[in-house]
Amino acid sequence: MDLEELKRLQLKLATRASSGPLRGPVRLVAGVDVAYVSGKNRAFPAAVLLSWPGLEVREEQVLELTVSFPYLPGYLSFREVPLLVAVLSRLSRTPDLVFVDGQGRAHPRRCGLAVHLGVELGLPTVGCAKKPLVGDFEPPGPEVGARSPILLEGEVVGYVVRTRTGVKPVYVSPGHGLSADEAVDLVLAACRGYRLPEPVRLAHLCATRARKCARE
DNA sequence: GCGACAG
DNA sequence: ATCTTGTCGC
């Protein structure tokens, strides 16, 4: 792998990403995540389909695949996009929007996992990470719904959002097909008492559960 | 050179 | 991400 080559690809992908506004109604959403087996190249990508805005689980899919690309900060999408595309293709219906566990535009080259996946699928995506990658920001207020902008080179690429009182905030940034403000609204509307939005939280549980079963 | 660094 | 039990606090 040639990182300079991949950097150029990221810049190209970022150009193809739309910053919204969201087009069309959202009635079905999906959440994706990947669980790994310590050290090995085994991965368990999971996708959960839920109704919107009701958030009722409609379908779950999990796969056991081999990962070929290593984890490198700034290049996560080259490791996970292939896995996520594979598991999403297993769903019986195509979601109107996908919640991703990772950054969207809050990336050095504006091409985080959510951007890459969204452009690749041609579907709107929201990035919701548990930790920051780049940008400057202040901690959001203590009340649920509080947000503070993530600034990168003078641009608001996302928001640090308080989804639960007394709990660390999440880092929300748009992937493809929507604005940063819409991304925040969607994440808050997808939370049900936990730090992470339901689609991502359930996909995480699904992937972890699959890995556990596979080992027993 | 030093520190940072999604999952 | 993963390795891991109990424990403090709302």
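Every chain is numbered from 1 and lettered A, B, ... according to where its sequence line falls, protein lines coming before strand lines.
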Task: A:Lys130 side chain near C:dA1 phosphate (N/O to OP1/OP2, under 4.0 Å) - done: yes
TODO: For the residue pair A:Val34 and A:Pro45, establish whether any side-chain heavy-atom pair is separated by less than 4.5 Å.
DONE: yes
- [ ] Return the value, rounded to whole Å, for the distance between atom NZ of A:Lys40 and atom C1' of C:dT2.
- [x] 13 Å
TODO: Without swapping roles, check the side chain of A:Arg42 against the backbone of A:Gly39 for a donor-acceptor pair under 3.5 Å.
DONE: no
Open item on the list: Under the criterion of centre distance below 5.5 Å and interplanar angle below 30°, is A:Tyr71 classified as stacked on the base of B:dG7?
Closed with: yes
Open item on the list: Taking Watson-Crick (N1-N3 plus N6-O4 or O6-N4) and G-U wobble (N1-O2, O6-N3), each under 3.5 Å, can you produce the dot-bracket string of DNA chain B? Use [ ] for crossing pairs and | for inter-strand ones.
Closed with: .......
Task: Nucleotide nearest A:Pro73 when distance is taken to its side chain, options C:dC3, B:dA6, B:dG7 - done: B:dA6
- [ ] Give A:Gly166 one of three labels, base, sugar-phosphate or nothing, depending on what nucleic acid heavy atoms sit under 4.0 Å from its own.
- [x] nothing
TODO: Would you classify A:Gly74 as touching base, sugar-phosphate or nothing, given that sugar-phosphate means primed atoms plus P, OP1 and OP2, and contacts are heavy atoms under 4.0 Å?
DONE: base
Task: Neighbour count above 12 (heavy atom, 6.0 Å) for A:Glu143 CD - done: yes
Task: A:Asp33 CG - B:dA6 P separation (whole Å) - done: 15 Å
Open item on the list: With clusters defined by side-chain heavy atoms of hydrophobic residues (ILVMFWY) lying less than 4.5 Å apart, directly or transitively, does A:Leu65 cluster with A:Phe78?
Closed with: no
Task: From B:dA6, B:dG7, C:dC3, nucleotide with atom closest to A:Arg211 side chain - done: C:dC3
- [ ] May I ask you to decide if A:Gly20's main-chain N or O and A:Ser179's side chain share a donor-acceptor pair within less than 3.5 Å?
- [x] no
- [ ] Remember a base hit wins even if backbone is also touched, and classify A:Tyr75 as base, sugar-phosphate or nothing at under 4.0 Å, heavy atoms.
- [x] base
